Each structure stands twice: as structure tokens, then as C-alpha cells.
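Working notes, beginning with the structure itself.
Here is how names work: the chains are called A, B, and so on, in the same order as the sequence lines, proteins then strands, and each is numbered from 1. Everything numeric here is computed off the predicted structure, so don't read it as measured data.
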Amino acid sequence: MKYDVRQLGLISNEEIAAGIFDMKLAYGENKIPVVCGQFAHVYVPGKSLRRPISVCDARNGVLRLVYQVKGEGTRIMSQMKPGASVDVLAPLGNGFRIQSGRRYALIGGGIGVPPMLYTAAKCEDPLVITGFRDASLVILQDDFRRAGAEPLLCTDNGSVGKKGFVTGLLREKMEQVDEICACGPLPMLRAIAELCKEFGKPCQVSLEERMACGVGACLVCAVRVQKNGEELMQHVCKNGPVFNAEEVVWNG
Amino acid sequence: MADLSVQVAGVSFANPLIAASGTFGFGREYSEFYPLSRLGGISCKGITLMRRDGNPPPRIAETPSGILNAVGLQNPGVDAFIRDDLPWLKEQGTVVIANIAGNTVEEYCRMAEKLSETDVDMMEMNISCPNVKSGGVQFGTSCESVAHITRAVRAHCRKPLVVKLSPNVTDIASIAQAAEAEGADALSMINTLTGMKIDIYTRRPIIRNNTGGLSGAAVFPVAVRMVWQVSNAVKIPIIGMGGITTWEDAIEMLLAGATALQIGTVLFSDPYAPIKISEGVNRFLDENNIQSVTELTGAVKPW
Ligand SMILES: Cc1cc2nc3c(=O)[nH]c(=O)nc-3n(C[C@H](O)[C@H](O)[C@H](O)COP(=O)(O)OP(=O)(O)OC[C@H]3O[C@@H](n4cnc5c(N)ncnc54)[C@H](O)[C@@H]3O)c2cc1C
Ligand SMILES: Cc1cc2nc3c(=O)[nH]c(=O)nc-3n(C[C@H](O)[C@H](O)[C@H](O)COP(=O)(O)O)c2cc1C
Ligand code: FES
């Protein structure tokens, strides 16, 4: 059986920046291996739908989910206490495809930064670029360092790091990398996809869509893609969340 | 171990729990959770004559104790279903119900004709989809149109024919009678109730289609009431659905008049729900010395 729902023990669930929480779950060693960029579908008591959260890290038997409180579901998650058991369907989806012998630029914007941590751990000498709206929302900088990657930092308002968007930094460094992986808000992903096209570099993007089943059965998380000149519907949970940027129909 | 098997229109189900159309795809994904033979049957994702891409996203919103969806019948078309999915489904050891939808009566008839040549076990005619622009629900909302389409499709359908009813009507019992009179072998109900959810900050409906179909626990009492009303009005069996979440709900739906059950929305929070519900029903029967689940059908004692 490829899928399994598990009750994972909650180790810690701390607020690491304003409204952003870091949930660590005991995943164990012998479970299905997690690929960077995959996601976990988290059951929230009393809710009809699970909440999809990207895997931030899965090393050392700990499944780490870093999430921002947006609505009621993530608020309930933020109140879960150590010792609780969390009902998780994971790992799901197709993650980033990382090949050896290539240098990757890993770009995270805002709450799109967390999945880049485990991705960084899977790459050889990656170039990591992280962008946030404001200094108060900066997360995971030390974690990237511990994973062996010095993250470049920018903020929209210049309150810390370089002022500006991740695309500015990427443009400067483009010649140093072979391929780009990105996660963040849609406008950022679209801009990165355009930049990569301009430089002729392959680009993988992690997309979001509202989900129900999380496994490809209910067809609610549709995204329009083009393959071999033909447009068709695929699904973020099963075909993604990571897609080749040139296959995404950005205004679909 | 009580007898959980049921018969609907001559088709035997090992237990009354059937995966609801549209929530279970063509079964492949959930077969990675448990063998599909643990289910009584599968009602496949609604299929149309030609491939459909469905509605643009977002296609789903969460509401109190329920969800709204507007998938818009995304499916590969009947020929691809017969070629790519049906052979695999038929090997899974469970009853296979093909759920069909169309824009015109002729489309329904052509699909019924094609599927009659295959080894699907039953057809479920969806005349109640609220999420497509033409067809769908419009066939299911008046006695005349239900009678017309049932008569037409009956003439082309050489399998047991289940007519799936819409709850978005004023008098569901007379609609059910119209379907029965024109040769429906069974009824399934309820499809989703049309609803809407608006983001108060953007003032935009969450769902791109603006409106969607409500399902899940929120609709359960409505579904029970409608199954009860229809079971008092017709003789053909009813496959009851709409918000069944626990084994207690399943018993309640059977008592209201259902012979078999479909399970949809609860799968999204608990993929194992149909199995847990079937085990719960079994326990209930044993504890209450009931030999067969069929004894519960319609056994409510109304005041
Ligand atoms: C593949 C994937 C990975 C994600 N990874 C992360 C992550 O690592 N960290 C993080 O903070 N967030 C992540 N998100 C977004 C996260 O799922 C939503 O913020 C969360 O579901 C909001 O739930 P809520 O109950 O707080 O908000 P509400 O608005 O109350 O939620 C209502 C419904 O809408 C859905 N929803 C709302 N916003 C989104 C969204 N942006 N994407 C998908 N569904 C949404 C909810 O799941 C729920 O079903 C990811 C989304 C996807 C699809
Ligand atoms: C995502 C989704 C897709 C659905 N697609 C179909 C469909 O294609 N055909 C159909 O007859 N019913 C469809 N339905 C309706 C269900 O089969 C069922 O009638 C309804 O959801 C009520 O049951 P539930 O509350 O257990 O989900 C769909 C429901 C959902 C939630
Ligand atoms: S969430 Fe069901 S298909 Fe993606």
C-alpha cells in the first residue's frame, strides 16, 4: 500500500516568527521515505478537510512542518501541544527532482521557504535565496546554515537583508546555477518562470491549490498544464505539487 | 458476524457501503489504502460522452460541517473509461457502478448503449449535477423531464438502471415516482445541495464557479428526511447518501429506507471511513441480535 494515515506524536510546536509555527512530529526511521517538496495532509479535529502543508524537513526521523496561521484550521494546529498525536497522511505528491552533478538555485518566498530546507539538504552546494515581506517574518536562516547552505536574504521593505524581490538576486546569480527550484506566491513563481525562460534554464515550481482527498481521486485541485502542445488538467496533489515551470499554463 | 450482504436491482453487494461518485475517482488511488474488495461497490466518477476538463479552480470550499464543490464533471470520456479503467476496476472484486451525465438526452442514451456492451454491473444516471452549465440538474428538477429522460435511457440501457435524484427540488417524492414509473430499477439520493461561500475581504465567492454543491455531515438530516419520504412513495430500492460520517449515521439511513449506502465527503478526512462504518454496522447488528442488515431497511417507527 502506497498511502497510509498515521498518528504521529507531536514533539514540539513553537512560534518561530509572527504567526508562523514550527511543528515537529515523530516520524520514525522505517517509514516511507520522503522526497523534498512533497507534502503532508494534516487532519484538523472538527474540520471536513485536511490541511496540506509542505514537508520542511524529514531528517533524523522527525517530520517538520512550518506553517502560517491563516484561518481556523491552522489556528487549531497552532494550539496542538507536545505529546498530542497528530493524524497525518504523508508523504504525498511529487517533489523536486534533484540530480547529482548539477548546481541548483533554491528560491523560497515567504511561507514558501520551508520546503526549501529539506531540498537544500538534498542538493550539493545549492544557492539558496529567501525572500520575505518584512524582518518580522524571516524564518529558518540558521537551519539553512546548519544544512550547509548560506541563504541569501531579501525583504520587500529592506528591513533586513537586501531590499527587493528574490528575482533581483536570482538574475544576478543566474550564471552560477544549472537549474532553479522555487516555492512561494504565484506572482513570484510566474516571475521566476519568466526569468528562467529568458536565461534558458530549467525551472521547477511548487504550486498550491485547495484540496480535498490529497491523492488524486476527487479532482478538485486542478491546474492547467500543457504537454506536447496540448492543454490538459492535472492535479496539484498527485501530479504536483512540483511542476516543470514551462508546462504550467500561468493564466489557466 | 451478521450478514452484511444486500441486493439492489438483482445485483449483490458484499456489504452496503459504496464509494460515492466523484469522491473516489475510478478507485485506483484508494486501492493504495486498502483492497477495494472491502467495499460493497464503487460508483465511478461521473462520465460524459466526450472528455471534459471541468471548471477552473478553486473547485472547493469548506463550510460548517461540510464542503462545497464545483468540479464540473472533469472526466476522460466514456470510451477512455471503458478502455483504460473498467478492465482494472472489474478485477478488484467489488461491484462497479458507472455514473453517467450528459448535456442532452441523446448523449445519455449513447452512453447507456456503449456501457451496456461492457461488464459494468449497474448504471447510475446523474440527472442532478448542479455544477455544469447545461444538462445535469435541469433533467432532474421536474417530473416531466425525469420521466422523459428515464424512459429514453431505459430503452438503451441493458443493465440495472439507478436514477440519482437531486435534492434541489420542491417535491422529491413525486420525482422519484416519475422515475419508477418509467422503469428505473433503483434510486440513489441525494446529490449535493446548491450552496455558496463568499470571502468577506475580497467579496469574491471562494469557488470560481460562484456556486457549488454542498455535501458532508451538514446535509445528513436533509438526506435522511428525503430518503424516508421517497421510500414511502416508491417500491424500488434506494441507495442512500448525503453526509454519512459514522456507523450510527449508516444505521439511521438504513432505517429511513435505504437498502445500500454511498459514502463520499467523509473520505477526505478519513480514507478508511467506509471500512470503519462497515465494521461498526456489523458490531451493531451482532450486539442487537439482528441477523441481516436488510432487516434495518425502512424499519424506522414513525410517530
Ligand atoms: C501543496 C501545498 C503545500 C503547502 N505548504 C504550506 C506550508 O508549508 N506552510 C504553510 O503555511 N502553508 C502551506 N500551504 C497552504 C496551507 O495549506 C493553507 O494556508 C491552509 O490550508 C489554510 O488553512 P486554514 O484553515 O488556516 O485557512 P482557511 O482559509 O480557513 O481554510 C479553508 C479551506 O481552504 C483551504 N485553503 C486556504 N488557503 C489555502 C492555500 N493557500 N492553499 C491550499 N488550500 C488553502 C484550506 O485547506 C481549507 O480547506 C500549502 C498548500 C499546498 C496546496
Ligand atoms: C468532489 C465531489 C465530486 C462529486 N462528483 C459527482 C459526480 O461526478 N457525479 C455524481 O453523481 N455525484 C457527484 N458528487 C456527489 C456525491 O456522489 C454525493 O451525492 C454527495 O457528495 C453526498 O454524499 P456525501 O455527503 O457522503 O459526500 C460529488 C461530490 C463531491 C464532494
Ligand atoms: S485533492 Fe483530490 S484530486 Fe487533488
Heavy-atom distances under 4.5 Å only: say whether [X] touches chain A with side chain, backbone, both or neither.
| X | result |
| --- | --- |
| B:R28 | neither |
| B:P271 | side chain |
| B:L267 | neither |
| B:F33 | both |

Practice task
Select one option (side chain, backbone, both, neither) describing which atoms of A:K47 are under 4.5 Å from chain B's heavy atoms.
Solution key: both
Practice task
Output the option from B:E32, B:R51, B:K45, B:R59 having the highest count of non-hydrogen pairs under 4.5 Å with chain A.
Solution key: B:E32
Problem - Pick from B:D270, B:T245, B:T265, B:I206 with the largest number of heavy-atom pairs that fall under 4.5 Å of chain A - result: B:I206
Problem - Option passing side-chain contact (heavy atoms from CB on, under 4.5 Å) with B:V219 (candidates B:T192, B:V224, B:L214, B:I244) - result: B:L214
Problem - side-chain hydrogen bond (donor to acceptor under 3.5 Å, both in side chains) evaluation trace for A:S48 with B:E62 - result: CA-CA 7 Å; A:S48 303; B:E62 197 180 48; 4.7 Å; no
Closest-packed option against chain B by number of heavy-atom pairs under 4.5 Å, given [options]:
| options | result |
| --- | --- |
| A:R51, A:E231, A:H41 | A:R51 |
| A:L49, A:V223, A:D4, A:L89 | A:L49 |
| A:D87, A:V215, A:L232 | A:V215 |

Practice task
Look at the rings of B:Y272 and B:Y34 and say which category their plane angle falls in: under 30° parallel, 30 to 60° tilted, over 60° perpendicular.
Solution key: tilted
Handout entry: Non-hydrogen side-chain atoms of A:D134 and A:T155 separated by less than 4.5 Å
Key = no
Problem - pair B:I47-B:L115: side-chain heavy atoms closer than 4.5 Å - result: yes
Problem - B:N126 backbone acceptor or donor facing B:N191 side chain under 3.5 Å - result: no
Practice task
Begin from the C-alpha positions of A:Y67 and A:M77 and carry the test side chain to side chain contact (heavy atoms under 4.5 Å, CB included) through to its verdict.
Solution key: CA-CA 9 Å; A:Y67 59 96; A:M77 281 177 66; 3.9 Å; yes
